[in-house]
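Remarks on the structure that follows.
Proteins get letters first, then strands, A, B, ... in listed order; numbering begins at 1 in each.
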There are 2 protein chains.
Amino acid sequence: MTDDLNATGALALPSTKRSVPIALIRAREKVMGPIREMLSDCGITEQQWRILRVLEEFGPQDASSLAERACLLLPSQTRIVQTLLEKGLVTRQADETDRRKQTVAITEAGQAIIHNKLDQAQAIATRIEEVIGKKRLAELLDILEDFQKL
Amino acid sequence: MTDDLNATGALALPSTKRSVPIALIRAREKVMGPIREMLSDCGITEQQWRILRVLEEFGPQDASSLAERACLLLPSQTRIVQTLLEKGLVTRQADETDRRKQTVAITEAGQAIIHNKLDQAQAIATRIEEVIGKKRLAELLDILEDFQKL
DNA sequence: TCAATATATTTAACATAGCAAATATTGTGC
DNA sequence: GCACAATATTTGCTATGTTAAATATATTGA
């Protein structure tokens, strides 16, 4: 009998204080604070940064792969890529063999933004590692990966 | 020398595959899937559900406390509470002693929604516990709490 | 080959996130 | 008691999240 009961004896949900979805949001909010701060002076949003990061890491790729890796829904990504195009930070062109596909690539201007922020980004990552601990951080990432089984 | 290096020998950020912010989003996305599904048939969004949950758990409270507990920014919450008012799921009235404060409370109709979904919500929580494991889930919540130190 | 299906992406519409400014009310010091 | 700073909430604006529908191209089978 490990079910949670409320004051009236009825079955109750776990307290919102120990709610997984809320805990994930809270943690994310804290992590993103410094990152948003880092990006604020170059007019880049968190999602735009993710797209640039993925393009830099994996090279030119179609929209679906990009969305999967940057963890964005395609409709959102379409708009974000549009603004990145206007900023000259990425290019987009239809695939030669399959014209349904759009291949997105980072430009030199886009790479420049990443490289300019590299030290700061590294410092933020280091700070997280210091506060959480290297081992616990690895545990965290392992546990979070398991959520994909859901 | 534990710094990550890329192909050119330059200092590199951790792969986006092991990025904490992205891992948090991915996990959250998976967790929310079943919850959104649960809520889809009663026209309640995830955020509206959080507000109702917090009001049910902690009782009537001012907007700031509610936002903190439901993990919402005040501007967002203002609008969400507005729609909940229109649906008749919450009430809102100015505090007697400090008229700047707005006290929000759940209505019986709001409670009814929570109670109707209780079994399903419990099942989702149980499912998560089964997949992740009770101990690891507790570890996860503990680690996530540490992010508040950032 | 051509209609039916499937796939890749975009559009549309509405809700929320996030930031800055505006409002309303309260507290403070002179 | 009044100007002024502080607090609580709301509004305005832009960007993203989410779902459903639309569009365009590719594939398949009769």
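Per the geometry, CD1 belonging to A/Ile80 stands 13 Å off P belonging to C/dG18, to the nearest Å. To the nearest angstrom, P of D/dT9 lies 13 Å from CD of B/Glu68. The distance between atom CD1 of A/Ile25 and atom C1' of C/dG18, rounded to the nearest whole Å, is 14 Å. Atom CG in B/Leu74 sits about 13 Å away from atom C1' in D/dT11, given to the nearest Å. Rounded to whole Å, the distance from CG on B/Leu72 to P on D/dT9 is 14 Å. Rounded to whole Å, the distance from CE on B/Met32 to C1' on D/dT16 is 16 Å. The interatomic distance linking B/Gln82 (CD) with D/dG12 (P) rounds to 12 Å, in whole Å. Remark: P of C/dA17 and CZ of A/Arg26 are 13 Å apart, rounded to the nearest angstrom.
Taking for each of A/Gln47 and B/Asp62 the nucleotide of DNA chain D with the nearest heavy atom, the 5'-most of the two is the partner of B/Asp62. Mapping A/Gln102 and A/Arg28 onto DNA chain C via the closest heavy atom, the residue that lands nearer the 5' end is A/Gln102.
A salt bridge links B/Arg18 and A/Glu145; the closest N-O separation between the charged side-chain nitrogens and carboxylate oxygens is under 4.0 Å. Using a 4.0 Å cut-off between charged nitrogen and carboxylate oxygen, B/Asp62 and B/Arg100 do not count as a salt-bridge pair.
Closest to the side chain of B/Arg79, out of D/dA8, D/dG12, D/dT10, is D/dG12.
Regarding contacts with the backbone of C/dA17, a side-chain N or O of B/Ser76 is found under 4.0 angstrom from either OP1 or OP2. Within the 4.0 Å cut-off from OP1 or OP2 of D/dT16, at least one side-chain nitrogen or oxygen of A/Thr45 is found. An OP1 or OP2 oxygen of D/dG17 is reached within less than 4.0 angstrom by no side-chain nitrogen or oxygen of A/Gln77.
A distance-only check finds a donor-acceptor pair linking the side chain of B/Glu57 to the backbone of A/Thr16 [under 3.5 Å]. Not one N or O on the side chain of B/Lys117 forms a donor-acceptor pair closer than 3.5 Å with the backbone of B/Trp49. With hydrogens and angles ignored, the 3.5 Å screen pairs no side-chain donor or acceptor of A/Glu56 with any backbone N or O of A/Ile106. In this structure, the side chain of B/Gln48 engages the main chain of B/Thr45 through a donor-acceptor pair within 3.5 Å.
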Sugar-phosphate atoms are those with a prime plus P, OP1 and OP2; base atoms are the rest. Using that split, label each nucleotide of nucleotides 20-29 of chain D B, S or - for protein heavy atoms under 4.0 Å, 5' to 3'. B---BBS---
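Within the 4.0 angstrom heavy-atom criterion, only backbone atoms of the sugar-phosphate kind lie near B/Gln48; the bases stay farther away. At a threshold of 4.0 angstrom between heavy atoms, the contacts of A/Arg36 are confined to the sugar-phosphate backbone, with no base atom among them.
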Identify each donor-acceptor pair in which a side-chain atom of residues 124-131 of chain A lies under 3.5 Å from a protein atom, sequence neighbours left out, and give them as a table.
residue: A/Thr126; atom: OG1; partner: A/Gln122; partner atom: O; Å: 2.9

